[in-house]
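The figures here come from the full heavy-atom set of this structure, side chains too, leaving out hydrogens, waters and symmetry mates. Every chain is numbered from 1, with letters handed out A, B, ... down the list of sequences.
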Amino acid sequence: DSGVTQTPKHLITATGQRVTLRCSPRSGDLSVYWYQQSLDQGLQFLIQYYNGEERAKGNILERFSAQQFPDLHSELNLSSLELGDSALYFCASSVSPDSNRGNEQFFGPGTRLTVL
Amino acid sequence: AQSVTQLDSHVSVSEGTPVLLRCNYSSSYSPSLFWYVQHPNKGLQLLLKYTSAATLVKGINGFEAEFKKSETSFHLTKPSAHMSDAAEYFCVVSDRVSSGSARQLTFGSGTQLTVLP
């Protein structure tokens, strides 16, 4: 158990809808990262927050957004969902933002999103 | 830009025989390299990491990897495979995408390891 929790475990919704995925980092970790894992794209970095502020952006679509709250939990919002958004969404956390070369990220179990 | 190439999408070994999962990377700056393992329906777990200290890195569950800068490789090995090693393995590079930018992880496409009895 990594200490990172994600809810819900599974989510099934229809095209055009909006969903919110939630992540609670490990105790003491200030950085939260979101990743998308799909069969065709593999594992891709979406976005990172550090202590409430956006730190880095990866291949995140404009229809997607995220935020990190004062208690450090994070939410990933996916809107106008398309069939191709079906994937496993992982959250990870780490102590520091990125300055340490060996900055290890701890991954949650993921949320499996199915868009019908 | 950084990239990671895992040379084999599937590797099959017999229990008790050595494991070799191959990884090559490219990076413009000073990368850190990681191997993560993903068991079915589970999140990713760190096996080991290289951060510019010793080039031979030992990880959990008997795995180790050697960083070879001249070959831009970071292959993962284990002397003797166990049934519980069956999983998907990801080679990951962490580096700045440009000078002064934040570090990002770039994942390889993964290698599915099958261990035969």
Counting only heavy atoms closer than 4.5 Å, note whether A:Tyr35 contacts chain B via side chain, backbone, both or neither.
side chain
Which heavy-atom pair separates A:Glu104 from B:Tyr36 by the least distance, and what is that distance?
CG-OH, 4.3 Å
Counting heavy atoms not belonging to A:Leu39, are there more than 12 under 6.0 Å from its CG?
no
Name, in order of residue number, those residues of residues 5-19 of chain A that have a heavy atom at a distance of less than 4.5 Å from a heavy atom in chain B; otherwise write 'none'.
none
For residues 105-116 of chain A against chain B, heavy atoms under 4.5 Å, the residues are A:Gln105, A:Phe107, A:Gly108, A:Pro109
B:Val19 with B:Leu33, same ILVMFWY side-chain cluster at under 4.5 Å
yes
Mind checking whether B:Leu20 and B:Leu113 sit in one hydrophobic cluster, side chains of I, L, V, M, F, W, Y counted as touching below 4.5 Å?
no
Could you walk me through whether A:Leu43 and B:Val92 pass the side chain to side chain contact (heavy atoms under 4.5 Å, CB included) check?
CA-CA 10 Å; A:Leu43 252 165; B:Val92 183; over 6 Å; no
Counting only heavy atoms closer than 4.5 Å, note whether B:Gln38 contacts chain A via side chain, backbone, both or neither.
side chain
Any link between B:Tyr89 and B:Val4 through a network of hydrophobic side chains (Ile, Leu, Val, Met, Phe, Trp, Tyr) touching at under 4.5 Å?
yes
Exercise: identify the closest heavy-atom pair between A:Phe45 and B:Leu105:
CB-O, 4.1 Å
Cluster link A:Val32 to A:Leu76, ILVMFWY, side chain under 4.5 Å
yes
Side-chain heavy atoms under 4.5 angstrom apart, residues restricted to Ile, Leu, Val, Met, Phe, Trp, Tyr: same cluster for B:Val93 and B:Phe63?
yes
